[in-house]
Amino acid sequence: MSPRWRKILMSLVVALVLLPVLVIVAAQFGAFSGSPPADLGVKDGKLKPPSGTPNSVTSQAGLWPDHPQARRAAIEPLRYTGDGKVALQKVAAIVKAMERTTIVKQEPGYLYAQCTTRLMRYTDDLEFWLDEPAGVIHVRSASRIGHGDRGVNRARVEAIRHRFING
C-alpha cells in the first residue's frame with residue numbers, strides 16, 4: 001500500500017472512531033433533547049393529538065380518526081375504580097420513581113413529566129389527564145425529535161400500566 005493510501009485509510013479510521021465519540025459528547029450537552037412543545041396540556045377535554053411521525057402513543061387517538069398516525073398511536077387509557085384523584089396520585093408516585101424522569105407539572109386532574117434516555121439524552125413528553133366521568137386516566141407519551149422511537153413510548157406506558165394495576 002502506498003504511503004498516500006495509508007494516510008487516507010488512517011484518516012478514515014480516525015474519523016470513524018471520533019465521530020461516534022463526538023455525537024455522544026454532543027448528546028450529553030443536550031444536542032438531542034429538543035424543546036418542550038408549547039401546546040401540551042388539556043384543551044376541551046383533549047390531550048395533544050398524536051405526533052405526525054410514529055413516535056408517540058395516546059389513549060385519545062380515536063378523537064382524530066383521520067390523523068395519519070391515529071391507528072399506530074392508539075393505546076388504552078388507565079382504568080381505575082374508586083377515587084380518581086387517588087388513582088392519579090398513584091400514577092404520579094409511579095412516574096416519580098422512574099429513572100431519568102422528572103415531573104414538570106402536577107395539578108388537579110393533570111400530570112406532565114419529561115423522560116430522558118440514558119446515552120443520547122433524547123427527551124420524551126409524558127402526560128396524564130384524569131377523566132373522572134369516564135373512570136379513566138388518559139395518557140400521551142411522545143418523542144420530541146426524530147421519526148421512530150423503537151416502541152419506547154408504548155413500552156413506557158405499558159410499564160406504568162403494569163405497576164398501576166399490580167401495585
Side-chain angles (χ1 to χ4, degrees), residues 1-41 43 46-78 91-106 110-129 138-166:
M1 181 181 303
S2 73
R4 179 174 178 241
W5 282 106
R6 184 170 295 166
K7 187 175 180 179
I8 291 171
L9 183 61
M10 287 303 294
S11 296
L12 282 172
V13 168
V14 168
L16 289 174
V17 170
L18 283 180
L19 184 61
V21 171
L22 291 174
V23 168
I24 291 171
V25 168
Q28 299 307 303
F29 286 99
F32 305 120
S33 63
S35 299
D39 56 349
L40 295 177
K43 293 166 187 72
K46 299 176 193 174
L47 295 169
K48 185 176 175 173
S51 297
T53 55
N55 60 5
S56 69
V57 294
T58 176
S59 60
Q60 294 185 317
L63 297 176
W64 294 277
D66 295 331
H67 190 285
Q69 296 298 325
R71 293 184 73 209
R72 179 176 289 188
I75 196 165
E76 287 295 312
L78 304 176
V91 169
I94 293 166
V95 169
K96 188 174 187 175
M98 293 169 54
E99 289 184 346
R100 298 174 312 280
T101 300
T102 304
I103 294 177
V104 176
K105 184 185 269 188
Q106 186 173 2
Y110 179 75
L111 176 70
Y112 166 51
Q114 295 174 351
C115 309
T116 305
T117 63
R118 178 177 289 133
L119 182 62
M120 297 305 289
R121 307 276 189 214
Y122 293 115
T123 301
D124 297 342
D125 297 294
L126 177 63
E127 298 180 280
F128 298 91
W129 171 56
H138 285 289
V139 60
R140 181 180 185 276
S141 185
S143 302
R144 288 184 183 171
I145 64 171
H147 183 76
D149 69 345
R150 299 182 184 206
V152 169
N153 285 292
R154 184 173 300 280
R156 175 185 300 118
V157 171
E158 292 303 343
I160 292 168
R161 181 189 320 283
H162 179 77
R163 290 203 51 210
F164 182 75
I165 293 169
N166 298 312

Practice problem: Count the heavy atoms belonging to other residues, nucleotides or ligands that lie under 6.0 Å from CZ of R154, then report whether that count exceeds 12. | Solution: yes
Practice problem: Mind checking the CG-OG1 spacing from N153 to T58? Nearest 0.5 Å is all I need. | Solution: 11.0 Å
Quiz item: If you measure from CZ on R163 to CG on L78, what distance do you get to the nearest 0.5 Å?
Solution: 13.0 Å
Quiz item: So, does T101 use its side chain to make a donor-acceptor pair with the main chain of E99 at under 3.5 Å?
Solution: yes
Exercise. Indicate the atoms forming the closest heavy-atom contact of S51 with S143, along with that distance.
Key: OG-O, 4.3 Å
Quiz item: About how many Å separate CE of M10 and CG of L12, when rounded to the nearest 0.5 Å?
Solution: 10.5 Å
Quiz item: Are P50 and W64 side-chain neighbours, meaning at least one heavy-atom pair lies under 4.5 Å?
Solution: yes
Quiz prompt | Validation row: I75, E158 side chains within 4.5 angstrom (heavy atoms) | solution = yes
Exercise. Taking the side chain as every heavy atom from C-beta outward, state whether I160 and L126 have any atom pair closer than 4.5 Å.
Key: yes
Exercise. Report the distance from atom CG of L40 to atom NZ of K105, rounding to the nearest 0.5 Å.
Key: 8.5 Å
Quiz item: Do Q69 and S56 come close enough that some side-chain heavy atom pair is under 4.5 Å?
Solution: no
Quiz prompt | Reported CZ-to-CD1 distance for the pair R161 and I94, which is rounded to 0.5 angstrom | solution = 11.0 Å
Quiz item: K48 versus R140: any side-chain heavy-atom pair under 4.5 Å?
Solution: yes
Quiz prompt | Side chain to side chain, H147 and P54, heavy atoms closer than 4.5 Å | solution = yes
Exercise. Check the pair H138, S59 against side-chain hydrogen bond (donor to acceptor under 3.5 Å, both in side chains), reporting the backbone distance first and the verdict last.
Key: CA-CA 6 Å; H138 285 289; S59 60; 2.8 Å; yes
Quiz prompt | Distance (rounded to the nearest 0.5 Å) between D149 CG and R144 CZ | solution = 14.5 Å
Quiz item: Heavy-atom count around R100 CZ within 6.0 Å, excluding the residue itself: above 12?
Solution: yes
Quiz item: Is there a donor-acceptor pair closer than 3.5 Å between any side-chain N or O of N55 and the backbone N or O of G146?
Solution: yes
Quiz item: Hey, does V95 have a side-chain heavy atom less than 4.5 Å from the side chain of F128?
Solution: yes
Quiz item: Quick check: does any side chain N or O of Q60 sit under 3.5 Å from a backbone N or O of P49, one acting as donor and the other as acceptor?
Solution: no
Quiz prompt | Closest non-hydrogen atom pair between A61 and A73, with its separation | solution = CB-C, 4.3 Å
Quiz item: Where is the tightest heavy-atom contact between G41 and E127, given as atom of each residue plus distance?
Solution: N-OE2, 2.7 Å
